[in-house]
2 protein chains.
Amino acid sequence: MLAAVERLEYRPSAIARGLRLQRTHTLGMLVPDITNPFFPPIIRGAEEAARERGYELVLCNTDDAPERETASLRVLRERQADGLLIATSRMADTTVAALRRERFPFVLVNRGSSVTADPSVEVDNERASEAVIGHLAGLGHRRIGHISGPLSTTTGAERAAGYRAAMKARGLPVDEALLAEADAYAEPSGYAAGARLLRARPSAIFAANDLLVLGALRAAREAKLRVPEDLSLVGVNDIPLVDLIDPPLTTVRVPQREMGRIAADMLIALLESAPISRRHVLLDPTLVVRGSTAVPSGAAGSAA
Amino acid sequence: MLAAVERLEYRPSAIARGLRLQRTHTLGMLVPDITNPFFPPIIRGAEEAARERGYELVLCNTDDAPERETASLRVLRERQADGLLIATSRMADTTVAALRRERFPFVLVNRGSSVTADPSVEVDNERASEAVIGHLAGLGHRRIGHISGPLSTTTGAERAAGYRAAMKARGLPVDEALLAEADAYAEPSGYAAGARLLRARPSAIFAANDLLVLGALRAAREAKLRVPEDLSLVGVNDIPLVDLIDPPLTTVRVPQREMGRIAADMLIALLESAPISRRHVLLDPTLVVRGSTAVPSGAAGSAA
DNA sequence: TTGAAAGCGGTACCAC
DNA sequence: GTGGTACCGCTTTCAA
């Protein structure tokens, strides 16, 4: 009998089962852009965790555009995704508000929400900023600029807030000229913000992610500044190959894969009404010191 | 009436429709690893094309492991994917053979098949090799080594064949010591193969992809060789950031997004029995000359 | 223990 | 046109 099943290659239809059970064992995931190297490891982690528990993952790129977000959401719900992993970083909460109102299960990934009831998995952004400023201040930097991500994103806002707090805690100036907001987490935005920031003559720049700092690096080169001799540079995320560029980038490592795993696990627990230890997970970032940071050329660095 | 539909937020169930119609408007896509930067643009292109035509894309990582491949395939077919985009590069044709036998629609992406009936979208690998060897020979290199990808992959085999052909066409030696096969398209494999190859004292190395050449670069550094003064290096794919590493990598650009778009379009045409202009698309690669290639230090480069 | 029947939410067909 | 009905393949329930 079993042999017959084998031979006939019977494949139960997940579609029919989904219709009957009203559960498809599918998670939908909203990502701004799979092409941004920050996201694939998160997706990978989520997919692994999902698959281990018998769920599939369906991806949608949103380009951080509200209309694409709405469209993707409609698609995922028509396909009866059981729950959603939301990794789009814009705070634009109307989407999330609608889900919350309808009690549709979701977990926020790499972003928070003003509504504390929303489950989320994030990195401790303030701690990331604190580690970076601590490192730079330790080297003797005082005029430290910050290229923030869009302040409409939680990562952007929190890292900027962390920057201010860490600067103040050390009695360092938080000149507004030392702050530039990038309009997107992309290299060209980092270049524009970096060029602006350079006019304030910082000895170091902390950018909210690696793509931004790469843009700042290009701006610095055009301004004939040597990195790290004339300008120290720090990013966040530790995306592939930043250890191989010239100079190797000092950055903050974020446990992306783990973030994806935890988020998927949490969502599935939610779906299966399993007990959840924490609704809000804060992951620890790790400073990775490489060649793009050094003692500032002006002051012979008094160590911390 | 329409207003009522709006207010009640009626969402037709794609699941129910799929059951009734026996078509889900879903494409399954098999990728070795979404974390390899070569694939996201392909996926993105496929997803865009699919969405434009009302199809969804469901991804599966296979890790190039046969058992993961089989499992993913089962999942995708249970979910009633209408067709498959196969971007796993192993030639291991048993999977494909089964699909072919059952007349299940699929398109091969970035790989070919010995069975000419299988539709495919690839880059012209031999032409890529020809362009690279032409460039290196033009600079005056004669002892050009090749780190091939796994020869069980079509990309690996074709680029290696292209290398041999291009070398022979110029009367250059194809010493077997100048050839090393990497066991995977990953940096550590490139390092191992590069270290082996260096013993044959090549003045240039052409690796079958950028990850491999990055490994070779590390091996060269450990051997105290300067790039490009002592050793020229060329990769394939032009993945993000290789233009920023030290030295900026000379490589071959592959139109990944277009590859994904074309493959999805072709698959959908197949599904909808639309006329197909070509069952086999060969995309043109473009040599991108940057800083990792130069005239060999020994011979004061006689141009081609 | 085993088997028959209903129903999930759509589409398609066929009367009317 | 418009409305009723069967059916896609699975799970679940209920009866024999």
Side-chain angles (χ1 to χ4, degrees), chain A residues 1-29 50-58 60 70-84 98-99 101-106 267-274, chain B residues 1-29 50-58 60 70-84 98-99 101-106 267-274:
Chain A
M1 161 59 182
L2 276 166
V5 170
E6 279 294 300
R7 278 205 327 99
L8 294 171
E9 302 191 52
Y10 167 68
R11 266 183 268 279
S13 159
I15 292 293
R17 185 188 302 131
L19 181 61
R20 175 66 241 237
L21 262 20
Q22 300 293 50
R23 305 210 40 221
T24 56
H25 284 253
T26 299
L27 310 183
M29 183 165 192
R51 201 172 298 272
E52 280 168 19
R53 292 158 156 281
Y55 283 74
E56 247 51 59
L57 194 67
V58 179
C60 285
T70 311
S72 300
L73 217 60
R74 194 176 47 73
V75 162
L76 290 174
R77 298 195 56 181
E78 283 183 3
R79 298 196 67 76
Q80 318 301 122
D82 294 340
L84 250 32
L99 294 173
R101 179 157 25 85
E102 300 178 35
R103 304 185 166 283
F104 192 87
F106 65 87
L267 180 56
I268 292 170
L270 239 34
L271 294 174
E272 302 183 343
S273 330
Chain B
M1 162 59 183
L2 275 166
V5 170
E6 278 295 300
R7 280 207 323 101
L8 293 171
E9 302 191 51
Y10 168 69
R11 268 183 268 279
S13 159
I15 292 294
R17 185 187 303 129
L19 181 59
R20 175 67 245 236
L21 261 24
Q22 300 294 55
R23 308 213 33 223
T24 56
H25 284 252
T26 300
L27 309 183
M29 183 164 190
R51 202 172 297 272
E52 281 168 19
R53 295 157 154 281
Y55 284 75
E56 247 51 59
L57 194 67
V58 178
C60 285
T70 311
S72 300
L73 217 61
R74 195 176 46 74
V75 162
L76 290 173
R77 298 195 58 181
E78 282 183 4
R79 301 196 64 78
Q80 319 299 125
D82 293 340
L84 251 30
L99 294 172
R101 178 158 26 85
E102 299 178 35
R103 304 187 166 281
F104 191 86
F106 65 88
L267 180 55
I268 292 170
L270 239 34
L271 293 175
E272 302 183 343
S273 329

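Throughout, protein chains are lettered first and strands after them, A, B, ... in sequence-line order, and every chain is numbered starting at 1.
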* Show the numbers, then the answer: is there a side chain to side chain contact (heavy atoms under 4.5 Å, CB included) between A/Tyr55 and A/Leu271? => CA-CA 11 Å; A/Tyr55 283 74; A/Leu271 294 174; 3.9 Å; yes
* Nucleotide nearest A/Leu21 when distance is taken to its side chain, options C/dG9, D/dT11, D/dC10 -> D/dT11
* Asked: Salt bridge between A/Glu102 and A/Arg77, side-chain N to carboxylate O under 4.0 Å?
  -> yes
* Asked: Quick one: A/Gln80 CD to D/dC10 P, roughly how many Å, whole number?
  -> 18 Å
* To do: Select base, sugar-phosphate, or nothing to describe what B/Arg17 touches, counting heavy atoms under 4.0 Å on all strands.
  => sugar-phosphate
* **Separation of C/dG10 C1' from A/Glu78 CD (nearest whole Å)** => 12 Å
* Take the protein atom CZ of B/Arg79 and the nucleotide atom P of D/dC8, then report the distance between them rounded to whole Å. => 21 Å
* For the pair made of CD1 in A/Ile15 and C1' in C/dC8, what is the distance, rounded to whole Å? -> 13 Å
* To do: Whole angstrom is fine here: how far is it from CZ in B/Arg20 over to C1' in C/dC8?
  => 14 Å
* **Between P of D/dG9 and CD of A/Gln22, the distance in whole Å** => 18 Å
* Any donor-acceptor N/O pair, A/Ser72 side chain to A/Cys60 backbone, under 3.5 Å -> no
* side chain to side chain contact (heavy atoms under 4.5 Å, CB included) assessment of A/Val58 paired with B/Thr26 -> CA-CA 10 Å; A/Val58 179; B/Thr26 300; over 6 Å; no
* Asked: With a 4.0 Å cut-off on heavy atoms, is A/Leu19 in touch with a base, just the backbone sugar-phosphate, or nothing at all?
  -> base
